[in-house]
Structures are given as structure tokens and as C-alpha cells.
Protein chains: 2
Amino acid sequence: MYRALADPTRRAILDELQDRSGQTLFELCVRLTGRGFTSTRQAISQHLGVLAEAGLVVIRREGRYMFIDLDTSPLQQIYQRWRVTPCESDT
Amino acid sequence: MYRALADPTRRAILDELQDRSGQTLFELCVRLTGRGFTSTRQAISQHLGVLAEAGLVVIRREGRYMFIDLDTSPLQQIYQRWRVTPCESDT
DNA sequence: ACAATAGGCAAGCATCCGCTTGCCTGTCAA
DNA sequence: TTGACAGGCAAGCGGATGCTTGCCTATTGT
């Protein structure tokens, strides 16, 4: 999962999903290219594979669509591991 | 900094520094090999370069020694970026 | 029924990354 | 002062990784 965070495109995917969770792959592709990323559908798909394996993303299939939901809970490991003290501004 | 977390050896260095901050490079090498890591001094040194660039580690030189201190504050970015809700057990 | 749409699979490629190797610099102790 | 010790620098190598390309499957609309 640490490796999953290492790639800028994958982080952008997480950003995009946080902005709107439950998007389909094609939506993601369109909106990411809108944000300046040039990745093809296959590239995004592979990234989603990595993110899903890391548990940061949940993939739900319906008919011919796949919907992708964000799950940030694995990130708690990071805080638990190194005891990060949340700063005041984090309410 | 996300890339800095991607490597297991680097995470082990952070673990080791959390256990005892302010270690010297040689101490780190010894204690890491004790934990099953086979990395040479040069490898560790390069890892420290990456960690320092990410701001996760602060290097302080004194005479012929270098002391390495942990700084987990950059990790707060992660929580701020994806609004991770800390779980109850994290006091 | 058939064409278009949404996505999957796998191989190939270029790059990056971690690691080793070999050698050099500077500091301290005897 | 000289040798041992702590660390630095740089080149090279092999494996991992991100991406593309080409083709295939399945669902849906008309």
C-alpha cells in the first residue's frame, strides 16, 4: 500500500475519487485528462489494480460498468505506525 | 516523500529511528542487520538521502559522526490530503 | 441481430530504482 | 604522524515498474 501511494497518477486518482466517489473508469479517464494527465485507459486500469490490491479503492461491478469507490481507511496504518501527532488545524 | 515511504528498508529505518532517534549511520546499519536486513552502509546512506530529501529525517553532523533524527511531521500531509478519520483507538 | 460501448488480458519496451563495487576524504586516537 | 574509523561520491548492473499496443469479451441500445 505504501508502494501504491508512490505514483503521482495513482495519487491523482485518489484525489479525483475523493472529489467524487463511485466514478466509472471512463469518467476517471476523462476527468484525469482534464487535469493534465495523459494516461490511457489501460494505464488507469492498471493503476486501479494496484490501488485495489492496497485496499485504497473498492471496485464494484454492475452490468457493463465498473464503479470505483474510495477507501482511505488503510492510511490509518501510517499514523498508527509512526504515531503522528495530528496538528491543531485538523478538526 | 510518498516515494520515500515506498521502500521496505526505508520504512524499517523510520521504525528504528522511532525506537531510538539520533542514531549514527553505523548504529543504524548494525541494528538493521540485527533485524534481518542485509543492506550495506552505502545502501543505507542512499536511503537516508531519500528520506532527508523527503524531510522525514534530519541529518546533523558532528565531527566524524552523523546523527540522524526522525521527523514525522511531513506525514501529516497524507491525512490532510485525504481527510483520514482517525479511529477511536488512536488516543 | 449487430454495432457500439465499457472494460480485460498479455506481451513488449523504456525507464527508474535499489544495490553493489571501488575508491576517496576527513576526523580522531595512539 | 600515521593508521584506523566514519562517511562520501560515482559508475555500473539487474530487476521492478509504468506505459503502450494489439486484440479479445461482454453488455446494451436500436
Side-chain angles (χ1 to χ4, degrees), chain A residues 1-17 20-71 74, chain B residues 1-17 20-71 74:
Chain A
M1 99 133 212
Y2 296 96
R3 257 207 50 247
L5 290 177
D7 186 81
T9 307
R10 271 183 314 250
R11 291 196 296 274
I13 292 177
L14 296 181
D15 289 338
E16 185 54 51
L17 286 174
R20 167 125 82 91
S21 192
Q23 294 191 50
T24 178
L25 200 160
F26 253 68
E27 282 181 275
L28 267 181
C29 290
V30 172
R31 299 185 68 174
L32 283 174
T33 53
R35 294 199 179 186
F37 288 84
T38 62
S39 319
T40 62
R41 176 182 60 85
Q42 287 80 356
I44 305 286
S45 181
Q46 284 171 348
H47 282 309
L48 286 175
V50 177
L51 289 170
E53 205 170 354
L56 290 167
V57 134
V58 178
I59 295 180
R60 161 177 45 106
R61 278 168 221 278
E62 262 173 57
R64 105 176 106 165
Y65 300 95
M66 69 184 292
F67 296 99
I68 302 140
D69 295 292
L70 182 63
D71 182 9
Chain B
M1 101 132 210
Y2 295 97
R3 257 207 52 247
L5 290 176
D7 186 81
T9 307
R10 252 154 8 218
R11 292 196 295 273
I13 292 178
L14 295 182
D15 288 339
E16 187 54 53
L17 286 175
R20 167 126 81 92
S21 192
Q23 294 192 50
T24 178
L25 198 159
F26 252 68
E27 281 181 275
L28 267 180
C29 290
V30 172
R31 302 186 66 175
L32 282 174
T33 55
R35 294 200 178 186
F37 287 84
T38 62
S39 319
T40 63
R41 177 182 59 83
Q42 287 81 355
I44 305 286
S45 182
Q46 287 170 347
H47 282 310
L48 286 175
V50 178
L51 289 170
E53 206 170 353
L56 289 167
V57 133
V58 178
I59 296 180
R60 160 176 45 106
R61 277 167 222 280
E62 262 173 55
R64 105 175 106 164
Y65 300 96
M66 69 185 291
F67 296 99
I68 302 140
D69 296 293
L70 182 63
D71 181 10

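Protein chains get the first letters and strands the later ones, always in sequence-line order, with residue 1 at the start of each. Heavy atoms only: backbone and side chains are in, while hydrogens, waters and symmetry mates are out.
- Between B:Thr9 and C:dC19, a side-chain N or O to OP1/OP2 separation shorter than 4.0 Å is present.
- Look at NE2 on A:His47: it is 17 Å from C1' on C:dG7, rounded to the nearest Å.
- Considering only heavy atoms from C-beta on, A:Thr38 stays 4.5 Å or farther from A:Leu32 through its side chain.
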Do nucleotides 3-17 of chain D as a string where each nucleotide becomes B, S or -: B if the base has a protein heavy atom under 4.0 Å, S if just the sugar-phosphate does, - if no protein is that close. --BSBBB-------S

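- When rounded to the nearest whole Å, the span between CZ of A:Arg11 and P of D:dG18 equals 11 Å.
- Contact of the A:Leu5 side chain with the A:Leu14 side chain is registered, since non-hydrogen atoms from C-beta on lie closer than 4.5 Å.
- Atom CD1 in A:Ile44 sits about 13 Å away from atom P in D:dG18, given to the nearest Å.
- For A:Arg41, the salt bridge (charged side-chain N to carboxylate O under 4.0 Å, His left out) test picks out no residue, with sequence neighbours left out.
- The side-chain heavy atoms of A:Ile13 and A:Leu51, taken from C-beta on, include a pair separated by under 4.5 Å.
- When the P atom of C:dC17 is taken as reference, atom CG of B:Leu48 falls 18 Å away, rounded to whole Å.
- Nucleotides of DNA chain D nearest to A:Gly63 and A:Thr40 differ in position, and the one nearer the 5' end is that of A:Thr40.
- Checked against side chain to side chain donor-acceptor pair (under 3.5 Å), A:Asp71 has the following partners two or more places apart in sequence or in another chain: A:Ser73.
- B:Ile68 is not listed as a side-chain neighbour of B:Val58, based on a closest heavy-atom distance of 4.5 Å or more.
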